[in-house]
Structure formats: structure tokens, C-alpha cells
Amino acid sequence: MARLREFYRQPEAVFWVYFFPILMVVALGIAFRNKPIEEIKVDAVRSPAAETLSEALASDPRIKLTLLDREECAKRLRTGKSDEYFLLDGESVEYFLDPTRPGSIVARNTVNDLLQRAAGRDDPVTVTDYELDEPGARYIDFLVPGLIGMGLMGGGMWGVGFAIVDMRIRKLLKRFLATPMKKSHFLMGVMASRLVFMIPEMILLIVFAHYAFGVEIYGNWLAIIFVVLLGATQFSGIGLLVASRAKTLESVSGLMNLVMLPMWTLSGVFFSYERFPETVWPIIRLLPLTPLIDALRAIMTEGATLASQWQELTIMTAWGVFSFALALYWFRWHD
Amino acid sequence: MEFAIRCENLVKTYAGKPPVEAVRGVDLAIRPAECFGVLGPNGAGKTTTIEILEGLLPATSGQVEVLGKHWGRHDQEIRQRIGVSLQETQLSDRLTVYETLQLFRSFYERGSTVERCLEQVSLTGKSRSWVKKLSGGQKQRLAVATAIVGDPDLLFLDEPTTGLDPASRRELWDIIRSFRQRDKTVMITTHYMEEAERLCDRVAIFDHGKVIALGTPNELIALLGAEHVIEFSTENHNGDSRSSGELDWMERLPTVDHVDEIEGQIRLTVAQPHIVLPELMQNLAQRNLRMASLTTRHASLEDVFVNLTGRQLSEN
Ligand SMILES: Nc1ncnc2c1ncn2[C@@H]1O[C@H](COP(=O)(O)OP(=O)(O)O)[C@@H](O)[C@H]1O
Ligand SMILES: [Mg+2]
């Protein structure tokens with residue numbers, strides 16, 4: 001069985017397998033690094049009142065105020081060049097903002113506080129802000145388990161799927177069928193060889209995230225390796241199933257995308273699936289990628305034990321067993 | 001066990017629009033320790049037949065018995081005892097020659113060592129090379145090695161020498177011959193008549209999914225009734241000579257058994273060329289026909305095929 005490992009000597013694949021996930025961590029880690037808000041870009045519609053008050057706003061060094069006419073203000077907000085704009089008119093102020101942008105809300109609140117104080121408001125309670133950037137709670141900590149899950153899904157499915165279809169095109173599968181080889185051993189061998197590839201890949205990713213971004217592992221290392229192994233097995237099995245009848249590389253990649261796309265968007269790789277309506281959560285949780293990412297996140301960021309993740313582990317095992325059994329049954333050995 | 005392979009009324013129709021009747025009622029009985037050749041042009045149904053016998057394709061109808069056993073009932077037992085080389089298999093590029101054989105050896109309960117097998121196919125020096133670096137002939141020898149590494153009693157080879165240069169072809173013949181010395185049965189398909197003639201004890205000639213002749217190469221050639229062939233073409237020849245009756249006079253020449261015309265070449269199957277030739281020249285001169293080319297040779301299986309079908313076996 002282990003002899004089949006040798007099938008996977010693909011130096012050209014190493015780059016994609018090992019470096020692509022790391023590049024992804026670097027890019028996203030930098031894009032979403034937890035920085036204090038350095039600059040609040042505020043526009044005001046030009047008016048005498050606004051000009052008088054611009055001094056009050058200057059007391060907060062983060063605020064960058066620009067006075068423009070109204071149309072220009074609206075355009076800049078729309079294109080994201082400013083965080084908000086306001087219209088000051090004697091006793092009243094109107095704020096124009098985009099509620100879906102966190103920066104916009106921050107700008108509105110900051111500007112509003114300053115304007116109100118300048119107009120004579122007294123805050124009865126002293127306020128101090130502390131910003132959260134402890135390891136374990138930042139976006140990068142959320143992201144790394146998601147990327148591991150995504151890597152296992154892509155690696156398992158593409159790796160196994162392409163290897164199988166390649167062997168089918170070469171008529172190697174047919175050649176093997178003509179020998180007394182045990183079919184289940186062969187399929188397990190293909191899966192096993194994939195696992196051998198993916199475990200070091202994921203460990204490398206975690207180690208890298210640790211040194212580059214200080215991502216800490218709160219749970220047990222062995223528990224993480226176990227979950228990674230189970231996830232890799234599950235997706236190799238699904239890869240076998242997807243490739244079990246495909247005759248060309250095109251058809252297998254189409255099928256793969258069809259299977260993976262819902263999971264990329266739904267399973268919480270980049271953001272929590274709790275943003276979707278609550279009624280669909282149970283369905284999302286049954287997709288193979290969701291329990292993998294959930295279990296990894298719980299163990300890595302909350303220090304959860306393996307036992308507490310039994311539901312996730314059960315779903316993953318079921319997917320692995322089911323897809324392998326079905327693949328064995330479905331498998332097309334010759335053209 | 002009387003026969004190594006037996007099939008009766010074998011039929012294979014590929015589903016499709018229209019369905020393809022690839023094999024249309026084939027009976028074969030191959031004896032143990034025999035080298036049996038299946039000779040026929042492309043599309044004759046050779047691969048389909050051999051793959052049914054190898055248990056890789058289901059037959060549409062008919063009886064098949066391999067080493068006294070039946071597909072569907074004793075699959076593992078049969079597979080332990082047969083070796084197979086398919087018409088077109090590309091072995092894994094990313095394995096070395098040695099690893100490839102090791103992999104195939106691991107499938108069989110018994111068999112020779114990888115080293116011995118490498119020796120048999122003269123690839124010992126290439127044992128550490130990547131499969132993708134091998135030449136066509138070496139790859140084909142490796143494919144045969146994977147088929148014999150389990151020390152089978154019955155070896156199936158589907159066009160093992162197609163596309164190889166003559167030297168590589170001869171090397172492969174030597175390998176097959178030495179394999180046979182151990183009382184093993186071989187079934188080989190080919191579209192090279194020379195290969196069938198030199199290698200095989202008996203040959204079945206296939207055409208359009210049927211066996212059109214069966215026997216030892218000598219028996220088949222004897223079917224012609226005459227053992228020599230004269231081929232010639234004429235300069236001012238035009239059109240179909242047969243319909244214009246031009247060939248009739250040739251059939252009446254002494255010791256001529258058969259006249260064919262293929263692509264402008266006229267082919268006479270004759271018993272005694274030294275008697276025919278002078279008369280042929282004389283007759284051509286009388287008809288104002290000038291010879292453009294002329295060859296005479298011993299009849300081959302190719303001529304048997306032409307005789308039976310009126311077509312050439314190979315395209316060249
Ligand atoms: N999988 C298939 N589906 C449909 N037709 C096929 C298939 N394989 C072979 N054929 C057809 O069956 C006939 C016999 O093919 P084959 O057995 O490969 O002949 P040979 O090996 O003598 O060249 C050909 O007409 C071929 O086109
Ligand atoms: Mg063929």
C-alpha cells in the first residue's frame with residue numbers, strides 16, 4: 001500500500017502545495033492587521049459655520065478635515081475617498097455615512113463628540129478606550145484555522161482527483177485492474193500518499209503563522225494534528241468520489257469547483273457563518289469543511305479539548321467513510 | 001486443462017449510435033505452451049477480443065474460459081496467473097524502473113525477483129532511471145516486464161511492437177521467445193505479418209470482427225495454393241483493370257493461382273515464377289504495356305490476407 005506513495009513525486013506541485021497557503025496568510029495577515037485607526041477622513045460641506053468649527057475638530061490629530069462643496073463631498077464618500085461628510089447649518093448637523101463601513105461609524109462618532117463638546121456639552125462620565133489586540137482574538141487568529149481547512153480541502157481534493165484522472169487517461173487504472181491488486185488497498189494507498197504530503201504542509205503553515213504573526217496555539221498539538229489528519233482523510237475521500245468516473249481533467253476540475261465553491265463561501269473560511277440566517281446554520285454545519293474549521297478554531301484559539309469537538313469529528317468521519325465506500329463502488333477503472 | 005484459453009461465439013457490440021459490432025462471433029482454442037498470434041488490420045477487433053479474454057471488458061455474449069476458469073467466478077485466481085501488457089499504457093513517469101517493477105511485483109503472490117525480471121528484459125542498467133527518460137523500446141520492454149514479473153502461466157501482449165524500430169522489435173521478440181521456453185502460453189496481437197510469422201506457432205487472421213483464417217503460418221501460406229508472388233505495375237495503366245477484363249489473360253498464364261490488383265499494383269500468386277515471368281513479359285509487349293516496377297518474392301501472411309480480403313494488411 002505504501003508503495004503507491006511514490007506516485008506523487010511532483011516537484012512542480014511543491015510550490016503550490018507549500019507556499020501558496022503561506023503567501024495567502026502573509027497577504028491577508030497584512031491586509032487585516034489590527035492597527036489603531038490612524039486617520040479619519042472627514043469632509044464638510046463648505047459653509048461659514050463649518051469653517052469656524054474646523055478648529056474644534058483639529059484638536060483630535062487623527063481627523064483630516066476637508067471643506068468642499070456638497071456634490072464633491074457626496075462623490076468622495078461614494079468612492080471611499082472619505083469616511084463620512086457632514087452638513088452644518090446653524091443649530092443642526094446632518095451626517096452622511098455608509099453604515100456598512102466600520103470607518104464611517106467611527107468617524108461619525110468621533111466628529112459628533114467633538115462638535116457636541118465644542119457646542120458646550122459636558123460629559124458626566126470619563127471615558128477611556130482600550131483596544132483589543134491580544135493574540136487569540138485577532139482576525140489573523142480567526143483566519144489561520146480557516147486557511148488550514150481550505151488548504152486541506154483544496155489539497156485533498158485536487159491532489160487525489162487529478163492523480164486518479166491522470167492514471168485513468170494513461171490507462172494505468174485499467175492496467176492495474178488486470179493485476180490481482182486489491183482495489184480498496186489501491187484507493188487507500190492513493191489517499192494515504194496524499195496525507196503524507198499534507199500533514200507537513202499544514203504544520204509548516206501553523207509554524208509560519210506563529211513566527212510571522214504571533215498566532216498562538218492554545219490547545220493541544222496532537223489534537224490539532226488529529227483533526228488535520230481527519231480533515232485530510234475526509235477530503236481525499238471526497239476527491240476520490242468526485243474523480244471516480246471523470247474521464248478528463250476538465251470535467252474533474254469542473255466537478256471539484258462545483259463541490260468546493262459552496263464550502264468556500266459558507267463554511268466560515270474568512271468570516272463566521274453566523275452571519276448567514278440562523279435557519280441555515282444546521283445545514284452549513286453538515287458540510288465537510290465547516291466541522292473541520294470549527295474544530296480547528298476551537299482547539300487553536302479557545303484551547304478546547306478533542307472530546308468537546310465530538311460532533312464535528314463525527315460528521316467528518318461520516319463524510320470520510322461514506323465518500324470512500326461510495327467511490328469504491330462507483331469507481332470506473334477503464335474508459 | 002486441455003486449453004489455456006477457449007472462447008466460443010464471442011460477440012462484443014459497443015453501445016452507441018450506431019452501435020459498433022467490434023467482435024462478431026469468434027471461436028478460439030489456444031493450447032498450453034503455445035504462442036498464438038492474432039493478426040489483423042486496425043479496427044479488426046483484436047484489442048476488444050484480447051481485453052475480453054483478459055477480463056477487462058464484459059462480452060456481449062459468448063463463452064470464455066481462461067486457464068480452465070471463468071471470469072466473474074474466479075477473477076482473483078485468474079489474475080494471479082496471467083500477465084498483461086495493454087496496447088497503450090503509459091506507466092507512471094515519476095517512478096524509477098525498479099520501483100515500477102517492485103510495485104507490480106507486490107500485487108502477485110508468487111513471481112521472480114525484480115532483479116531477475118530486469119535481467120530478462122535487459123533493463124538492469126536502467127534500474128534507477130525514471131520511466132519518463134526511457135526510449136520507446138525500453139518503455140515497451142518495461143511494460144512486458146510488468147506483465148511477467150508475477151511469473152504468469154499465460155501472457156497477453158496487445159501490439160507490443162507497434163511503433164518500434166526494427167532493432168527494438170527484434171529485442172522484444174527475443175524476450176518473448178525466452179519467456180516461452182519455460183512452457184508458458186502467449187497470446188499476442190499484431191498487425192505486422194512478419195511478427196506473426198516469426199514468433200507464433202499458430203495465427204488467427206482477424207478482419208471485421210471475425211476470424212477469417214486460422215492455422216500455422218505455413219498452413220496459411222499453403223492455402224494460397226502457390227508459394228510465390230510476382231508484383232508489378234505498368235506505365236500506361238489507367239483505371240480499374242478488373243472491370244475492363246484486362247486481368248483475365250493473366251489468370252490463364254501457367255501456374256498462376258490468383259490475380260489481385262491493389263492501388264495500381266498487380267499481384268500474381270504463382271507456383272513457378274520462372275515459367276510465368278517470360279510469358280508475362282511477352283504478353284505485356286504484345287499489348288504495348290511497359291513495366292514500371294517488378295518484384296518477386298516468397299508468399300507471406302500478408303499475401304494470405306490480400307487473397308482473402310482483396311485489401312492490404314498494413315497501410316504502407
Ligand atoms: N470503447 C469503444 N467504444 C466504441 N467503439 C469502440 C470502442 N473500442 C473500440 N471500438 C471500435 O471497435 C472496433 C474494433 O476495435 P479494436 O478492438 O480496438 O480493434 P484493433 O485492436 O484490431 O485495432 C473499431 O471499429 C473501433 O472503432
Ligand atoms: Mg488494437
Side-chain angles (χ1 to χ4, degrees), chain A residues 1-17 158-194 196-197 243-245 247-249 328-335, chain B residues 14 47-48 50-58 66 71 74-111 114 130-132 139 142-143 146-150 152 154-158:
Chain A
M1 204 168 100
R3 285 180 200 94
L4 296 167
R5 237 177 256 164
E6 281 108 342
F7 278 121
Y8 299 94
R9 292 217 181 115
Q10 299 164 277
E12 67 275 14
V14 168
F15 171 81
W16 290 105
V17 168
W158 289 116
V160 169
F162 276 166
I164 291 287
V165 174
D166 180 58
M167 285 192 267
R168 185 172 291 127
I169 292 170
R170 292 165 164 267
K171 309 232 188 241
L172 251 183
L173 292 180
K174 191 176 187 175
R175 179 66 188 85
F176 287 144
L177 182 65
T179 71
M181 176 193 79
K182 275 265 183 45
K183 294 174 187 174
S184 55
H185 286 188
F186 170 77
L187 296 183
M188 280 193 264
V190 173
M191 283 171 68
S193 60
R194 208 51 221 165
V196 170
F197 241 78
S244 62
R245 298 191 85 82
K247 284 184 192 168
T248 63
L249 291 179
L328 189 59
Y329 172 75
W330 254 130
F331 210 79
R332 188 202 293 274
W333 293 86
H334 45 79
D335 27 69
Chain B
Y14 288 106
T47 299
T48 306
I50 202 169
E51 288 189 353
I52 293 171
L53 301 178
E54 290 162 349
L56 297 177
L57 279 180
V66 176
W71 288 113
H74 316 102
D75 290 13
Q76 277 312 84
E77 288 162 63
I78 304 176
R79 286 192 176 124
Q80 285 287 356
R81 294 179 54 207
I82 63 172
V84 167
S85 162
L86 299 176
Q87 185 169 358
E88 32 182 41
T89 303
Q90 295 166 286
L91 295 161
S92 278
D93 282 344
R94 295 176 198 103
L95 290 184
T96 67
V97 169
Y98 191 90
E99 287 164 344
T100 304
L101 278 186
Q102 203 176 29
L103 174 70
F104 277 90
R105 176 65 188 85
S106 75
F107 298 148
Y108 297 90
E109 281 163 12
R110 53 165 214 198
V114 171
W130 297 98
V131 170
K132 95 173 122 188
K139 276 188 183 146
L142 179 60
T146 65
I148 61 177
V149 71
L154 171 58
L155 177 63
F156 290 100
L157 301 169
D158 195 0

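Per chain, numbering begins at 1; letters A, B, ... match sequence-line order.
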> Would you say Arg170(A)'s side chain and Leu91(B)'s backbone share a donor-acceptor pair under 3.5 angstrom?
Replying inline: yes
>> Among Leu56(B), Ile78(B), Leu57(B), which residue has the highest count of heavy-atom pairs closer than 4.5 Å to chain A?
In response: Leu56(B)
> Based on non-hydrogen pairs under 4.5 Å, which of Ile82(B), Thr146(B), Asp75(B) is most in contact with chain A?
Replying inline: Thr146(B)
> What residue, out of Asp166(A), Thr179(A), Ile169(A), has the most heavy-atom pairs lying under 4.5 Å from chain B?
Replying inline: Thr179(A)
> Tell me, side chain or backbone of Phe104(B) under 4.5 Å from chain A's heavy atoms, or both, or neither?
Replying inline: side chain
> Among Gln87(B), Glu109(B), Gln80(B), who wins on heavy-atom pairs under 4.5 Å with chain A?
Replying inline: Gln80(B)
> Atom CE of Met167(A) and atom CD of Gln90(B): how far apart are they, to the nearest 0.5 Å?
Replying inline: 13.5 Å
> Side chain, backbone, both or neither: which part of Glu51(B) has an atom under 4.5 Å from a heavy atom of chain A?
Replying inline: side chain
>> If I take atom CZ from residue Arg175(A) and atom OG1 from residue Thr89(B), how far apart are they, to the nearest 0.5 angstrom?
In response: 6.5 Å
> Using non-hydrogen atoms only, which part of Asp93(B) is less than 4.5 Å away from chain A: side chain, backbone, both, or neither?
Replying inline: both
> Looking at Pro180(A) and Phe107(B), what are the two nearest heavy atoms and their distance?
Replying inline: CG-O, 3.5 Å
>> Counting only non-hydrogen atoms closer than 4.5 Å, does Glu54(B) touch chain A with its backbone (N, CA, C, O), its side chain (CB onward), both, or neither?
In response: neither
